[in-house]
Structures are given as structure tokens and as C-alpha cells.
Amino acid sequence: MNAPEMLARLRTPQVDDLVLRLRTLTPLYTGGIGQLGDQVHPSNLLGGIRHLSCLVARTLGDAGFEGAVWGNPGRGEQKAKAKQVALRWDTSALVRVSLPETVRVPKAGGGESRWFFNSAFEGELGLQLARRGISDAHWQILTLALAIQIRHGSFGAKDQFGLGVLAVADGAQPFAAPLDLGREPDKAIPATAGQLNLLRHAFGRLRFRIAPGQRPSFNRSTALHLALATRATLRNALRARADAPDAEKARLTALRHQMLGKLNQAGSAVNVSAAYATAEGIELRLAVALKPEDAAERSEVMNAFATAAGSIDGLIDRLGYRVDGRIAWEFGGRHVKARAAWLNQLAGV
């Protein structure tokens with residue numbers, strides 16, 4: 001068979017592809033060799049979309065979604081299968097920007113922590129999501145997950161904190177179809193160890209106001225500082241009191257590392273975005289994966305985080321901002337019996 005014949009036999013995307021224009025609310029960073037952030041890596045963006053779409057599918061009890069949509073490499077008797085969607089990113093309108101080299105955040109007990117950044121991208125970018133033969137139900141899950149990621153999550157690498165918050169460009173219509181509320185899923189959620197779903201997640205927003213008598217500037221350094229001070233406060237919320245028994249200190253230390261990471265041991269399950277400007281003011285968003293298998297520890301984490309916002313002001317005094325109220329949390333564990341409604345709410349449909 002010659003090349004033209006082979007090309008003619010290739011399956012082409014279906015006509016209901018999704019095309020979006022997105023804009024950065026915080027700079028987009030996808031890592032790379034040396035973490036230089038000198039280009040946008042599509043594979044990094046694809047990985048994030050795959051991860052969240054699989055979370056949505058597991059929330060609905062759909063155990064076959066990942067293999068059907070994203071393929072598999074083939075193991076044992078399992079036949080290899082290519083992914084059935086394709087993503088194309090138009091990055092031509094993005095501009096590379098330099099980030100503050102070092103952001104210093106005071107520690108509650110004295111001293112300071114230092115965070116290092118390099119460069120990322122700002123502006124508009126295009127996304128084309130091409131459907132190559134998946135079912136209508138799986139396409140709906142995929143687009144719903146993308147809407148949730150845009151509204152509550154972020155894109156790109158997480159090894160430079162706070163980056164990758166995107167929004168649909170002005171004037172765009174909702175692109176995801178809502179799940180049928182009259183047909184709540186009757187499938188049980190797969191109980192595979194280590195595989196979470198969105199009922200084991202929480203999403204939050206925190207706003208800031210200008211402190212009385214202050215006229216602060218809002219720049220990239222301030223945006224990152226507000227985020228890192230918030231993150232430090234959440235981490236401190238999982239520290240034991242000085243007079244606590246040693247066993248309790250050890251337990252909370254393990255829980256803190258599980259949730260917020262420890263170098264060479266555990267990745268962070270708490271993603272705090274850099275702050276960004278909206279029509280209502282300055283805000284940031286939080287996405288928390290509740291990793292503990294014990295339900296009491298998950299509740300402990302959420303209770304600690306819910307009361308933590310009042311301690312942030314002490315870490316942002318010199319910026320001229322104050323926390324404006326509490327963190328507005330949305331906790332998936334409250335929606336076990338109304339999963340479809342919860343996902344529609346998150347997606348804004």
C-alpha cells in the first residue's frame with residue numbers, strides 16, 4: 001500500500017470537535033528540562049486534562065473511560081490501544097514573561113521561606129479538542145471535565161507554584177452539556193486504592209481587599225506572595241501544638257506531609273493559585289485532593305483549612321492587602337447522593 005492510500009484510510013476527527021480561545025489569569029508554565037519554562041509543552045497540558053477527566057469518570061462510576069478515551073500501552077494479555085482524542089494548542093499569541101526570581105514569605109515563627117521562579121507565558125491561546133470515535137457519553141465527560149478544570153483548577157506543571165489558571169475568552173458560550181439530573185448514576189464508585197474521584201476533592205476561593213490607608217500595586221510578585229502566604233497558612237494549620245504529645249505531633253506531621261508534600265517523599269495535594277484580578281477584586285483559587293483513606297482525617301483536614309484564613313494577614317502585612325472573609329469551600333463529600341448535580345455545578349452548566 002502506498003503512502004496516499006494509507007493517508008486516505010486514516011480516521012479523521014468527527015465534526016463535533018471543540019475549539020476554544022483561552023486567556024491566562026496567571027502565567028502558564030509547563031516545565032521542561034531545567035525547569036526553565038522557555039516553551040509550552042503540549043504533553044504537559046494533555047496530562048492534566050487526562051487526569052481530571054478520569055477523576056470525573058470515576059465520580060460517575062465509569063471504570064472504562066480511561067482506556068476507551070486515553071488508550072493504554074498494552075500489558076500482559078491487554079491489547080494496546082491508541083488514545084481516541086487529540087489536542088492541538090495554538091500558542092502563537094502567548095508572550096514569554098519573566099517571573100520574580102525569588103519570592104520571600106515570612107514564617108509564622110520567625111524567619112522566612114524562599115520560593116524560586118523563572119519564566120512563563122501570558123496572553124491568549126487556542127485549544128482544539130478533536131474527537132476520534134469515543135462514545136457520546138465519554139465525550140460529555142471529557143468536555144465537562146475541561147469546563148471544571150477551567151473554572152476551578154489550573155493547567156501546566158506544579159513545580160512552580162501558583163501558575164496556569166486559564167479562563168475562557170470573553171463572549172464565549174458554555175461548551176459542556178450538563179448531565180441529566182433525572183438519571184443520577186447508579187454505578188458504584190470504583191474502590192481502587194490510590195485512585196481518587198471528585199467526591200474526595202474540595203475547591204475554594206479566597207478574596208483580598210486593600211488594607212485601610214494603603215494604595216498597593218498589584219504585580220506578579222504580589223500575586224505570588226499572596227498565594228504562597230495562603231499555602232504556608234494551610235500548612236501551618238496541620239501542625240500540632242507545642243504541648244501536644246509526641247505521638248500526636250508525629251501523626252500531624254505525617255498528615256501535613258501527605259497533604260502539602262515533602263521533598264523526595266510526597267507531592268503536594270494542595271494547589272493554591274497565584275492571585276489574579278477579577279471584576280469583584282483580587283482573588284485566588286484552591287484545589288485540594290483529600291488523600292487520606294481515613295474519613296476522620298479527611299474531615300480534620302477540611303476543618304483545619306476552613307478556619308485557617310484568619311492567620312494569613314500576618315504573612316502579608318507589608319503588601320497592603322487583607323483577607324476579605326473566609327475561604328469559600330466547595331467539598332465534594334457532601335454530594336455523594338447527587339453526583340451529577342455536583343459535577344454540573346462545578347462545570348457551570
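All values below were derived from every heavy atom in this structure, side-chain atoms included, with hydrogens, water molecules and symmetry-related copies excluded.
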Discussion item. Does Lys249, at its NZ atom, have more than 12 non-hydrogen atoms belonging to other residues, nucleotides or ligands within less than 6.0 Å?
Written reply: yes
Worksheet item: Would you say Glu101 has more than 12 foreign heavy atoms packed within less than 6.0 Å of its CD?
Response: no
Between atom [atom1] of [X] and atom [atom2] of [Y], what is the distance when rounded to the nearest 0.5 Å?
X	Y	atom1	atom2	result
Ile148	Gln345	CD1	CD	10.0 Å
Arg88	Leu46	CZ	CG	14.0 Å
Ser53	Leu142	OG	CG	5.5 Å
Leu234	Leu286	CG	CG	6.0 Å
Gln84	Ile134	CD	CD1	8.0 Å
Asn118	Leu99	CG	CG	6.5 Å

Which atom names give the shortest non-hydrogen contact between [X] and [Y], and what distance separates them?
X	Y	result
Ala347	Arg151	O-CD, 3.1 Å
Leu224	Ala274	CD2-CB, 3.9 Å
Leu125	Leu28	CD1-CD2, 4.0 Å
Ala120	Tyr29	CB-CB, 4.0 Å
Arg231	Val270	NE-O, 4.2 Å
Thr233	Ser311	CG2-CB, 3.7 Å

Worksheet item: Could you go step by step and tell me if Ser154 and Asn271 meet the side chain to side chain donor-acceptor pair (under 3.5 Å) rule?
Response: CA-CA 9 Å; Ser154 61; Asn271 186 30; 2.9 Å; yes
Salt bridge or not between [X] and [Y]? Use side-chain N to carboxylate O under 4.0 Å.
X	Y	result
Asp17	Arg132	no
Glu248	Arg241	no
Glu112	Arg104	yes

Worksheet item: Relative to Phe65, does Arg58 satisfy both conditions: NZ or CZ under 6.0 angstrom from the six-membered ring centre, and within 45 degrees of the ring's axis?
Response: no
Let me check something: any side-chain donor-acceptor pairs from residues 209-219 under 3.5 Å, sequence neighbours excluded? List them with distances.
{"residue": "Asn219", "atom": "OD1", "partner": "Ser221", "partner atom": "N", "Å": "3.2"}
{"residue": "Asn219", "atom": "OD1", "partner": "Thr222", "partner atom": "N", "Å": "2.8"}
{"residue": "Asn219", "atom": "OD1", "partner": "Thr222", "partner atom": "OG1", "Å": "3.0"}

Taking [X] for the side chain and [Y] for the main chain, is one N or O donor matched with an acceptor at less than 3.5 Å?
X	Y	value
Arg285	Gly153	yes
Gln128	Leu18	no
Lys291	Ala289	no
Arg322	Phe208	no
Thr30	His41	yes
Lys83	Gly71	no
Arg235	Gly261	yes
Asn72	Gly67	no
Thr26	Gly162	yes
Thr24	Pro27	no

Item to complete: Using distance alone, with no hydrogens and no angle criterion, decide if Arg239 and Thr253 have a side-chain donor and acceptor under 3.5 Å apart.
Response: no
Worksheet item: Are Ile327 and Phe203 linked, directly or through other ILVMFWY residues, by side chains that come within less than 4.5 angstrom of each other?
Response: no
Item to complete: Step by step, work out the salt bridge (Lys or Arg N to Asp or Glu O under 4.0 Å) result for Glu124 and Arg23.
Response: CA-CA 4 Å; Glu124 281 201 6; Arg23 58 187 175 87; over 6 Å; no
With [X] via side chain to side chain donor-acceptor pair (under 3.5 Å) - residues at least two apart:
X	answer
Ser299	none
Ser119	Arg96
Trp89	none
Arg220	Glu122

According to salt bridge (Lys or Arg N to Asp or Glu O under 4.0 Å), who are the partners of [X], at least two apart in sequence or on a separate chain?
X	value
Arg298	none
Glu283	Arg205, Arg207
Asp313	none
Arg334	none

Discussion item. Under the ring pair (Phe, Tyr, Trp, His ring centres under 6.0 Å) definition, can you give me all pairs with a residue in residues 294-336, not counting sequence neighbours?
Written reply: His335-Trp342
Response to the item:
Members sharing Val165's hydrophobic cluster, built from side-chain contacts under 4.5 Å between Ile, Leu, Val, Met, Phe, Trp and Tyr, are Leu25, Tyr276
Worksheet entry | Partners meeting side-chain contact (heavy atoms from CB on, under 4.5 Å) with Asp294 (sequence neighbours left out) | Ala296, Glu297
Fill in: Positive for side-chain contact (heavy atoms from CB on, under 4.5 Å) with Leu144, one of Leu346, Val349, Leu60, Leu52
Val349
